Amino acid sequence: MPDGVISAQPDATAAKFQFGAARNFFRQRSTVGFLFTLPLILLILILVIYPSFYAAYLSTLNKRMTSFVGLANFAFLFTRETFWMVVKQSCLFAVTAVFLKAVIGFVVAHLVNATPARGQRKWRGMLLVPWVMPPALSTLTWLWLFDPSYSALNWLLALVGLGPVPWTGDAAWARLSVIVVNVWYGAPFFMIMYLAALKSVPAELYEVAAIDGAGWWQRLWYITLPMMRNIIAITTLFSLIVTFANFDIVWILTAGGPVDRTHVFATWAFRLGIQGGDIPLGASVSLFMVPILAVAAIFILRDVNKRAERI
Amino acid sequence: MDAPAGGRRWALVWAYIFLGLFAAFALMPPVYMLITALKTSSEISAATSPWWVHHPTLDNFVELLTSAQFLIFFKNSVIVAGCVVIVTMLISVPAAFALSRMKFWGSGALATGVFLTYLVPDTLLFIPLFKIFAAFRDLTGIELINHWYVLVIVYPTLTVPFCTWIMIGYFASIPRELDEAALVDGASWTQTLIRVFIPVALPGVIAAMIFAFTVAWAQFLYPLAFTTSQDQLVLSVGIATTLIKSDVFNWGQIMAGGLLGAAPPLIIYAFLMDYYIAGLTAGATKG
């Protein structure tokens with residue numbers, strides 16, 4: 001467009017002005033900002049937002065995706081016993097695992113923080129290893145540790161006169177097993193977040209409290225916890241989302257078994273949608289994750305917006 | 001004075017005892033991985049202690065490293081992770097720069113939107129994406145499903161929002177005077193970003209790169225759903241599916257494979273731990 005304008009102007013200074021205007025337009029903060037973020041916007045629109053809505057559309061189709069069936073897929077799910085088991089298991093799994101991860105992370109962060117600064121790096125490094133390994137591969141190791149005939153964990157239990165435990169063979173133990181592996185994998189994340197939070201508490205606060213004669217519990221309750229509150233909330237909610245939507249640990253460890261007892265939304269959706277070939281039903285199952293994700297996201301967002309205002 | 005000092009020493013001893021227990025729990029799987037990988041099949045099924053290697057052997061590693069299949073998985077993983085890191089940085093560095101430096105219409109909403117996208121899990125998107133890729137093939141004739149490059153297209157949905165988000169946090173901590181001086185001196189925005197800003201912001205960018213690599217290397221669901229041919233698999237799925245032959249688990253090889261598969265992120269982490277931790281905590285503690 002600017003080319004046409006320039007050639008229509010016989011006056012050289014006007015042409016220069018027009019060219020300068022175009023250049024100014026492309027140097028403007030808002031234009032450049034938009035262009036810099038355009039690939040990001042396109043990526044989110046095409047590969048995240050569109051598929052999300054497409055999932056909702058898919059869930060209203062029949063199995064062969066030839067006709068619209070409304071909410072029939074959901075109505076069908078509600079009549080299935082397995083569905084309610086999956087709802088229960090997903091919630092039990094996410095809440096228990098996140099609670100344990102938060103408690104262990106909190107305790108370990110305090111322990112690390114209590115040691116002399118010189119050795120902290122070493123402890124931090126070792127304790128963060130589970131979080132760094134690809135979960136699909138480390139879960140394979142857990143599968144081997146839980147092996148029914150050569151279980152290395154049962155061998156240890158036998159040393160102290162306990163066991164053998166049917167780790168992945170019995171429904172209750174299998175549920176515990178996936179939680180144990182998830183806690184093993186995720187606790188380091190809490191540990192490192194809480195450790196960072198602990199470091200950001202000004203030391204003067206503790207000194208003043210110590211002069212005032214505050215005990216260990218009082219310092220924890222009146223200084224540490226209030227100062228860490230935001231990070232505890234954000235980390236917990238974030239982990240709740242990730243744990244609730246977990247796939248690889250459950251898939252490798254139990255594949256939903258025994259008899260569908262350990263399926264969570266993600267693994268059951270995979271079984272129905274990809275393996276079973278019923279894409280609409282699989283999409284319907286995975287959509288049940290949306291409400292809980294949305295609630296957690298709203299809570300996180302309040303904190304995030306506070307931060308965005310400061311930028 | 002003596003009593004509190006003694007109390008503190010005991011507290012420290014207890015802290016070390018419990019830290020030791022937690023560290024043992026954290027390191028048990030990787031250590032057991034190594035123990036099993038060094039055993040022969042007959043020693044694995046022998047009735048001796050599973051926690052000790054009597055006749056260590058490197059056979060499992062040799063067999064994997066000379067098998068064409070495993071090398072293909074490794075190569076695919078390297079290519080996919082490498083491409084994803086590049087694509088992610090090309091998209092998220094300018095975006096994070098724009099969102100932390102330029103106020104424009106909708107920039108605040110976009111920053112929030114990036115964070116929300118980062119909360120949309122892969123487990124919600126894999127089914128519609130599967131269908132979309134099939135429709136894309138019907139429309140254009142380009143087959144995406146069952147080619148490793150489909151992963152380069154989908155992984156950025158996981159890495160870009162996260163990397164953008166942690167870089168916004170990091171970039172905001174860099175003094176504005178730095179890039180404003182460059183702009184006043186007549187540099188364009190792109191020049192300012194590449195010549196002045198990125199060199200200073202490099203620690204944040206490296207942290208983001210480590211994350212993009214770790215996420216791309218560890219992803220399991222997308223390759224499981226989108227690739228099936230053995231020459232298109234990446235390590236995470238390749239090890240979990242092909243080393244298990246029908247119902248026979250070749251644990252020595254599976255553990256050796258797992259160890260080799262976990263090695264790249266672990267090595268990066270061993271050398272760049274501080275960047276890794278800085279990136280991990282950037283999102284929360286700078287808030």
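Quantities reported herein were computed from a predicted structural model and do not represent experimental measurements. Every chain is numbered from 1, with letters handed out A, B, ... down the list of sequences.
- Proximity to chain B (any heavy atom under 4.5 Å) is restricted, for A:Ile41, to the side chain, taken from C-beta onward.
- For a residue to count as touching a neighbouring chain, one of its non-hydrogen atoms must lie under 4.5 Å from one of that chain's; by this rule B:Leu224 touches chain A with backbone and side chain alike.
- Residues A:Ser284 and A:Ser59 bring no donor and acceptor atom of their side chains to less than 3.5 Å of each other.
- Looking at A:Trp131, the atoms closer than 4.5 Å to chain B (heavy atoms on both sides) sit in the backbone and in the side chain alike.
- For A:Thr236 and A:Lys101, the side-chain atoms include no donor-acceptor pair closer than 3.5 Å.
- Residues A:Val103 and A:Phe190 have side chains not in contact (no heavy-atom distance under 4.5 Å, counting atoms from C-beta outward).
- Checked against a 6.0 Å centroid threshold, the rings of A:Phe189 and A:Phe238 count as neighbours.
- No more than 12 heavy atoms of other residues, nucleotides or ligands lie within 6.0 Å of CH2 in B:Trp14, so this atom counts as exposed by the packing criterion.
- The existence of a salt bridge linking A:Arg271 and A:Asp278 is excluded, since no basic side-chain nitrogen approaches an acidic carboxylate oxygen closer than 4.0 Å.
- Only the side chain of B:Phe130 comes within contact range of chain A, with at least one heavy atom under 4.5 Å from a heavy atom of that chain.
- Contacts of A:Val285 with chain B are absent, with no heavy-atom separation under 4.5 Å from either backbone or side chain.
- The aromatic rings of A:Trp251 and A:Phe270 lie perpendicular to each other, with more than 60° between the two planes, well past the 30° mark.
- Per-residue counts of heavy-atom pairs under 4.5 Å with chain A were compared for B:Leu19, B:Ile91, B:Ile132; the largest is that of B:Leu19.
- Using a 4.5 Å cut-off between heavy atoms, B:Phe22 touches chain A through backbone and side chain atoms alike.
- Proximity to chain A is limited to the side chain of B:Ile254, based on heavy atoms less than 4.5 angstrom apart.
- For chain B, the nearby part of A:Leu43 is the side chain; its heavy atoms alone come within less than 4.5 Å.
- Interface remark: A:Ile241 contributes side-chain atoms only to the contact with chain B (heavy atom separation under 4.5 Å).
- Both the backbone and the side chain of B:Leu124 come within less than 4.5 Å of a heavy atom of chain A.
- For a residue to count as touching a neighbouring chain, one of its non-hydrogen atoms must lie under 4.5 Å from one of that chain's; by this rule A:Met126 touches chain B with backbone and side chain alike.
- Interface remark: A:Ile46 contributes no atoms to any contact with chain B (heavy atom separation under 4.5 Å).
- Under the 3.5 Å distance criterion, the side-chain polar atoms of A:Thr267 are matched with a main-chain donor or acceptor of A:Val264.
- Residue A:Val242: no heavy atom, backbone or side chain, is found under 4.5 Å from chain B.
- Defined by atom type and a distance below 3.5 Å, a donor-acceptor pair is missing between the side-chain atoms of A:Trp155 and B:Ser49.
- Only the side chain of B:Leu110 has a heavy atom closer than 4.5 Å to any heavy atom of chain A.
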